[in-house]
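Counting convention: from 1, in listed order, for ligands and their atoms alike.
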Amino acid sequence: MAEFDIAIRGGTVCTAAERFRADLGIRNGRIATITSSVLDAKRVIDASGLLILPGGIDAHVHVSQPSGEDVVMADDFASATRSAAAGGTTTIMPFALQEKGRSLRECVRAYHALAEGQLHVDTSFHLIISDPTPQVLGQELPALVRDGYTSFKVFMTYDDLVLSDRELIEVFDVARRERALVMVHAEGHDAIHHLTRKLEEEGNTAPYFHGPSRPQIVEREATHRAISHAELVDLPIVIVHVSGEQAMEQIQWARRRGRRVFAETCPQYIVLTEDDLRGLNMDFEGAKYVCSPPPRDRDSQEAIWRGLSDGTFDLFSSDHCPFRYADKHGKDRPGARTSFRWVPNGIPGIETRLPILFSEGVSKGRITLERFVELTATNPARLYGLHPRKGSIIPGADADIVLWDPAKHETIRQERLHHGADYTPYEGMAVVGWPVLTMVRGRIVAEDARVSGDPGWGVYLERSLSTAV
Ligand code: DUC
Ligand code: ZN
Ligand code: ZN
């Protein structure tokens with residue numbers, strides 16, 4: 001009887017701290033040993049020339065999320081997790097959104113029903129609080145945090161989601177009491193409303209003008225306000241999808257004051273710019289790049305790279321928020337061609353997150369391999385209460401492993417991706433480095449861009465309180 005179910009031999013193990021040559025022994029879905037001895041295993045996987053990485057954790061994705069009248073998100077749980085698996089991600093964290101007027105618990109229950117039996121990779125939900133009634137703040141939210149929903153997002157913009165300053169502070173206060181981690185979408189609603197109205201009055205309605213309707217100052221002001229409200233009640237917060245230097249400066253300022261402010265950025269802010277929103281000639285093609293905050297300019301990209309390398313950023317997530325382009329229920333919804341205001345906000349990216357950061361970051365020498373692992377797997381696990389089960393290669397952890405070919409040249413093409421969107425904003429991008437095998441709890445879920453098996457292997461993960469705060 002072999003001692004291990006699987007041995008992974010001949011590769012280089014990479015963690016957030018170091019890299020070294022070692023073999024892995026996997027038993028009962030967990031990493032049982034990390035060793036240089038020869039392992040007696042039922043199955044041996046040859047990892048010569050490959051990196052052995054902890055599976056990616058994408059801590060910010062949107063799946064089957066209600067997105068406005070007649071708008072349908074392009075991914076359900078089966079397609080989103082299939083795409084995640086093919087891209088080297090073994091855990092995703094989408095949002096269970098509370099629709100206004102509805103019970104939070106009910107929304108969470110309904111979201112679980114959508115995920116049930118559909119998962120190729122493991123999954124855990126953040127919450128989105130849009131209606132912080134006394135019932136939600138006094139009972140539902142505290143109970144849900146205790147049940148393992150230990151993080152939630154709040155919005156400072158969007159008519160259906162925006163919280164007033166008073167509501168933000170009240171929600172923050174409950175989070176501090178319950179020790180939940182709050183993720184903040186920091187863009188100022190009133191400023192966006194003002195700029196949008198002016199742009200529309202001037203006839204500037206193409207998707208391109210989505211960018212000028214939400215300039216960096218709007219993000220900077222809201223980031224500062226969120227940080228100040230958090231300081232008022234002594235709460236650590238995460239500023240999600242940071243797009244440029246101005247918001248980064250607010251985060252750095254807060255940290256110098258001793259505040260615990262965590263920061264996330266995303267692929268669109270290192271490889272896209274406002275010029276992508278021009279489309280072919282200021283036409284509707286630009287809608288393919290409409291996301292919020294919008295991609296900025298080259299200087300902002302450089303600022304984000306500095307932040308990825310110097311520790312300003314803790315997390316690199318996709319903010320996968322997919323809508324089909326040529327679809328009346330997607331980007332081309334009724335009204336979208338009359339104003340950027342009606343174009344659904346969000347772009348797909350769950351499958352391309354790791355290849356883009358690896359290629360642009362590690363292959364080009366902007367960040368170390370260890371930092372890559374930290375940003376994409378280890379920190380998300382620590383911050384969101386999944387450590388030590390996820391995010392690291394350590395004995396006892398789930399055998400969520402990606403074998404990564406650091407020398408593989410690939411070109412990102414829509415036809416090779418597994419998401420439900422009908423385009424990728426990264427079409428034609430050449431990358432160096434690609435996942436060749438993805439394993440979740442000891443089972444191969446994707447190999448050479450083929451997703452194996454039916455959905456149903458992925459499980460829902462209840463989370464602990466953050467170990468990072
Ligand atoms: N915020 C997100 O986090 N994702 C997409 C759109 C948005 O506003
Ligand atoms: Zn957001
Ligand atoms: Zn998002």
Side-chain angles (χ1 to χ4, degrees), residues 57-68 71-75 80 84 89 92-98 111 123-130 151-163 168 171 181-189 191-193 196 207 210-211 213-216 218-220 222-223 225-226 237-244 247 262-269 272 277 287-296 315-325 330-331 333 336 340-350 352-353 380 384 419 421 425:
I57 299 178
D58 196 340
H60 184 156
V61 304
H62 304 265
V63 179
S64 290
Q65 189 176 295
S67 305
V71 178
V72 180
M73 214 160 244
D75 273 315
T89 288
I92 66 163
M93 302 185 67
F95 296 86
L97 177 145
Q98 178 202 22
Y111 206 52
T123 297
S124 191
F125 301 160
H126 306 289
L127 311 174
I128 288 176
I129 312 296
S130 69
S151 51
F152 59 85
K153 185 176 176 191
V154 291
F155 284 77
M156 298 172 78
T157 188
Y158 296 125
D159 290 338
D160 295 344
L161 300 172
V162 62
L163 301 189
L168 281 173
V171 170
L181 197 53
V182 182
M183 310 159 78
V184 182
H185 179 121
E187 289 185 299
H189 192 57
I192 293 168
H193 186 269
T196 300
H210 173 74
S213 77
R214 317 169 90 98
Q216 281 207 55
V218 165
E219 185 185 8
R220 181 237 290 170
T223 302
R225 190 151 39 97
I237 53 171
V238 185
I239 306 292
V240 292
H241 45 50
V242 172
S243 72
F262 300 95
E264 173 202 75
T265 193
C266 317
Q268 49 269 40
Y269 308 119
L272 300 180
L277 277 96
K288 289 181 176 175
Y289 305 89
V290 167
C291 59
S292 291
R296 309 289 182 192
L315 304 164
F316 187 83
S317 314
S318 67
D319 196 2
H320 177 77
C321 186
F323 300 99
R324 291 174 64 80
Y325 172 68
K331 294 285 186 181
R333 71 182 287 204
F340 59 86
R341 172 210 298 246
W342 305 113
V343 177
N345 277 212
I347 58 178
I350 202 167
T352 44
R353 172 183 74 124
Y384 293 122
H419 59 202

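Ligand-side atoms of ligand 1 in range of Asn345: 5 (C), 6 (C), range being under 4.0 angstrom from any heavy atom. Less than 4.0 angstrom separates some heavy atom of His60 from each of these atoms of ligand 1: 2 (C), 3 (O). In the vicinity of His241, heavy-atom distances shorter than 4.0 Å reach the ligand 1 atoms 1 (N), 2 (C), 3 (O). Proximity to Asp319 (heavy-atom distance under 4.0 Å) selects the following atoms of ligand 1: 2 (C), 3 (O), 4 (N), 5 (C). Ligand-side atoms of ligand 1 in range of Cys321: 5 (C), range being under 4.0 angstrom from any heavy atom.
For the Zn ion (ligand 2), the N/O/S atoms of Val240 include none lying under 2.8 Å. Within the 2.8 Å limit, His60 places at least one N, O or S atom next to the Zn ion (ligand 3).
Put simply, the side chain of Glu264 never gets that close to the backbone of Phe316: no donor and acceptor are under 3.5 Å apart. When atom types are taken as modelled, the side chain of Glu187 and the backbone of Val218 share no donor-acceptor pair closer than 3.5 angstrom. With hydrogens and angles disregarded, no donor-acceptor distance shorter than 3.5 Å links the side chain of His189 to the backbone of Met156. No donor-acceptor pair under 3.5 Å is formed between the side chain of Ser151 and the backbone N or O of Leu181. A distance-only check finds a donor-acceptor pair linking the side chain of Tyr269 to the backbone of Pro293 [under 3.5 Å].
Atoms ND1 of His185 and NE2 of His241, as seen from the Zn ion (ligand 2), are separated by an angle of 90°, to the nearest 10°.
Shortest distance from the Zn ion (ligand 3) to Asp319 is reached at OD1 (N/O/S atoms only). Residue His62 approaches the Zn ion (ligand 3) most closely through its N/O/S atom NE2.
Regarding atom 3 (O) of ligand 1, its nearest protein heavy-atom neighbour is Lys153 NZ, 2.6 Å. The closest protein non-hydrogen atom to atom 8 (O) of ligand 1 is Tyr158 OH, 2.4 Å.
Of the N and O atoms on the side chains of His320 and Asp58, not one donor lies less than 3.5 Å from an acceptor on the other residue. His62 and Asp319 are linked by a side-chain donor-acceptor pair at a separation below 3.5 angstrom, with hydrogens and angles left out of the test.
Residue contacts with ligand 1, taken as heavy atom pairs separated by less than 4.0 Å, involve Ser292 via backbone and side-chain atoms alike.
The residue from His210, His185, Glu219 that alone fulfils the side chain to side chain donor-acceptor pair (under 3.5 Å) condition with Ser292 is His210.
Considering CD of Gln268 and CD1 of Ile347, their distance stands at 4.0 Å, rounded to 0.5 Å.
For Glu187, the closest heavy-atom approach to ligand 1 does not fall below 4.0 Å.
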